[in-house]
Number of protein chains: 2
Amino acid sequence: MTATGARPTTPTLDEVAVLAGVSRATVSRVVNDSPRVSPEARRAVEEAVATLRYVPNRAARSLVTRRTDTIALVLSESNTQVFSDPFFASIVRGLSERLADTDLNLVLLAARGESEQEKIGRYVRQGHVDGVILMSLHSDDLLPDILAGAHVPVVLSGRPLDGRPVAYVDADNAGGAAAATRHLLSLGRRRIATITGPLDMVAGLDRLAGYRAALADAAPPGVPELVAEGDFTEAGGLRAMTRLLAEAPDLDAVFVASDPMAVGALQALRAAGRRVPEDVAVVGFDDAAVAATCDPPLTTVAQPLGEMTSLMVELLLDQIEAGERAVGTRVCGTTLVRRASA
Amino acid sequence: MTATGARPTTPTLDEVAVLAGVSRATVSRVVNDSPRVSPEARRAVEEAVATLRYVPNRAARSLVTRRTDTIALVLSESNTQVFSDPFFASIVRGLSERLADTDLNLVLLAARGESEQEKIGRYVRQGHVDGVILMSLHSDDLLPDILAGAHVPVVLSGRPLDGRPVAYVDADNAGGAAAATRHLLSLGRRRIATITGPLDMVAGLDRLAGYRAALADAAPPGVPELVAEGDFTEAGGLRAMTRLLAEAPDLDAVFVASDPMAVGALQALRAAGRRVPEDVAVVGFDDAAVAATCDPPLTTVAQPLGEMTSLMVELLLDQIEAGERAVGTRVCGTTLVRRASA
DNA sequence: GGGTCTCGTGAAAACGCTTCCACGGCGCTA
DNA sequence: TAGCGCCGTGGAAGCGTTTTCACGAGACCC
């Protein structure tokens, strides 16, 4: 362990001002792109900033502006598994793309368990972030309440289960699931099972509700419900499919509430010697990358992820701008993407 | 979009002081657990804090202490795919566990591409974090240089490719790979292939080097190298295995540089009708959860992830404590975990 | 019983920035 | 030519903390 020298002190606004021969106020104006600065002063300051490698101190700045220019994506999920869900990866990608040309920073906060939720609550209340995008809520999640008490703008990814008044962006999960199920019906399938997401998550519940609604509305009499609960993971899909095959060996189609689970289901079907789509038609949900590459390519329900992340950011920025929380909700339509599996 | 009221102003130290009937200094002392406060004063302050729901303002605090009590895990990788690597998930879990009983916060910063790397550099230079743990470095990564210029403590996850003096924690990748390869030799295999990681990453290179060293040192003459480059993903493993089977149909073993790739390789082998381990023995790397559950269960090289994350945090805290960057390096041993695949 | 220590406390000075306000100097208009 | 307004600028007042320093009150020693 060798020391490589003490940390040099970073330059301050004062030093820049002295070097540029102007006042601190003028330096601040230049740094913040205020229009009321003469070209000469601006040039002098910019030069000084460059030679000193000056960077404004964020703590000092946000002490007075009361803004931090960072927003948090908080992920509340006991299972680190979430990280591997392509849906989550897409959200992260979408957000950082959307934020790229703003001067906002994105930080990820993950909470597994109650103590970490509290910790995040404290982090937010201390004023580390201007706003929060909250993902992956189970019904017993404390974070919405914690954040409500933090008086900070919040946008939920996904409709809140308890109907509380809060801004959120969601896909039309029920509509998409219903469309998928109707598609299977239109293929002539009559023993249509579903593998659900976790039933303490709104996406899980809504997709199941869509499946049920479609069977109730559009199916000929006598088409039964066949439901197995999954957990949005590939392994869970495999397990659920295996269970379904044991319970209903004559099923001829399955609507799977997420693509990773559908990939697992495909494996179970292959292991059981069923051909897809000849013996069993499969529809997934999410249109993850894997849906196009698996064997057979997966018919699935696509959500407009880019649009959704944009909307979340906009709803959040609106609140931050206005300096108050607000509830604005957007529900985005889904599309059925037809591939080989159904 | 309905307003739900303006954000109430949060209480300050002053208000607490007034309510408790003491000075600001005393309140500060109580909040920071200073010993030199009388029990009565302490009680009065704690009461006031509770009734006012006071939380210290972080900007003000770090303006004077020059600490933020947050450290960043920065992930430099153009591919959002990384998120789904179980290795990454384990690191995140390990770090947040290790940090749980400190008052340090962990934020995740992801950089895809140059502009986001710059953005992270700015974020760090602005003083948002006390230290950085840097992951997933490709050889052309700018971040080490950017962060070096930010004068902030840094610990790398993985040996730096260019040998720069910087603190890092790494597994003995070469040693683990060599052990895996020797294990295959000891099984009597003589046509041993390898699927590597990306060869611009140190883990990819070192594991390949270990494989080569083992063949050179421990193999009877005439045992050839068979190398296919992968990318640490399942799909990449499948592709690489397919390629290997085409090039060397008579191979009887394969050392795969990560478990997700090994899972892909297993699929390719099954598709080609090879039995594992009878026809082809397979060894993976990482001992990810999937290694125990896939079919057949995977013999693999385990790294002491918990120990590694702890060491990273300690190395980082040492530097923060000392107020200067330092280079301390730790290399952790690996163990071969025997399961059914080899 | 006087002097020295310790201990709890408060006043006040930073920390580095933004922003309000006042003040000259300039170009207009009348 | 006098008056008005605007524009660029600097001084200075905060923003909410921590921390140094000084101070008074007891406790203790000889």
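Just so it is clear: chains get the letters A, B, ... in the order the sequence lines come, proteins before strands, and each one is counted from 1.
Scanning for salt bridge (Lys or Arg N to Asp or Glu O under 4.0 Å) contacts around R58(A) gives D69(A), with sequence neighbours left out. Under the rule for a side chain to side chain contact (heavy atoms under 4.5 Å, CB included), the partners of P56(B) that lie at least two apart in sequence or sit in another chain are V31(B), Y54(B), R61(B). Partners of R125(B) by side chain to side chain contact (heavy atoms under 4.5 Å, CB included), not counting sequence neighbours, listed by chain and number: R53(A), V55(A), A150(B). Partners of D14(A) under the side chain to side chain contact (heavy atoms under 4.5 Å, CB included) rule, at least two apart in sequence or in another chain, are T12(A), R24(A). Annotation: salt bridge (Lys or Arg N to Asp or Glu O under 4.0 Å) contacts of R98(A) (sequence neighbours excluded): E314(A). Contacts of E97(A) classified as side chain to side chain contact (heavy atoms under 4.5 Å, CB included), with partners at least two apart in sequence or in another chain: R93(A), R112(B).
Counting 5' to 3', DNA chain D first comes under 4.0 angstrom of a heavy atom of chain A and last does so at the ends given by dC7(D) to dG16(D).
Across L143(A), I146(A), V132(A), a single residue satisfies side-chain contact (heavy atoms from CB on, under 4.5 Å) together with V124(A), and that is V132(A).
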Would you tabulate the side-chain donor-acceptor contacts of residues 33-40 of chain A under 3.5 Å, counting partners in other chains and residues two or more places apart, or write 'none'?
{"residue": "S34(A)", "atom": "OG", "partner": "R36(A)", "partner atom": "N", "Å": "3.3"}
{"residue": "S38(A)", "atom": "OG", "partner": "A41(A)", "partner atom": "N", "Å": "3.3"}

Please report, to 0.1 Å, the donor-acceptor pairs under 3.5 Å made by any side chain of residues 152-164 of chain A, with sequence neighbours excluded.
{"residue": "R159(A)", "atom": "NE", "partner": "D206(A)", "partner atom": "OD2", "Å": "3.3"}
{"residue": "R159(A)", "atom": "NH2", "partner": "D206(A)", "partner atom": "OD1", "Å": "2.6"}
{"residue": "R159(A)", "atom": "NH2", "partner": "D206(A)", "partner atom": "OD2", "Å": "3.0"}
{"residue": "D162(A)", "atom": "OD1", "partner": "R164(A)", "partner atom": "N", "Å": "3.2"}
{"residue": "D162(A)", "atom": "OD2", "partner": "R164(A)", "partner atom": "NH1", "Å": "2.9"}
{"residue": "R164(A)", "atom": "NH2", "partner": "D145(A)", "partner atom": "OD1", "Å": "2.5"}

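Sequence neighbours left out, the pairs with a member in residues 89-125 of chain A that pass ring pair (Phe, Tyr, Trp, His ring centres under 6.0 Å) are Y123(A)-H128(A).
Taken over five-pair windows at either terminus, the axes of the helix from dG1(C)-dC30(D) to dA30(C)-dT1(D) are inclined to one another by 40° (rounded to 10 degrees).
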| message | Within the 4.0 Å limit for protein heavy atoms, which parts of nucleotides 9-18 of chain C are touched? Write it as a string from 5' to 3', B for base, S for sugar-phosphate only, - for none. | response | BBB-B-BBBB

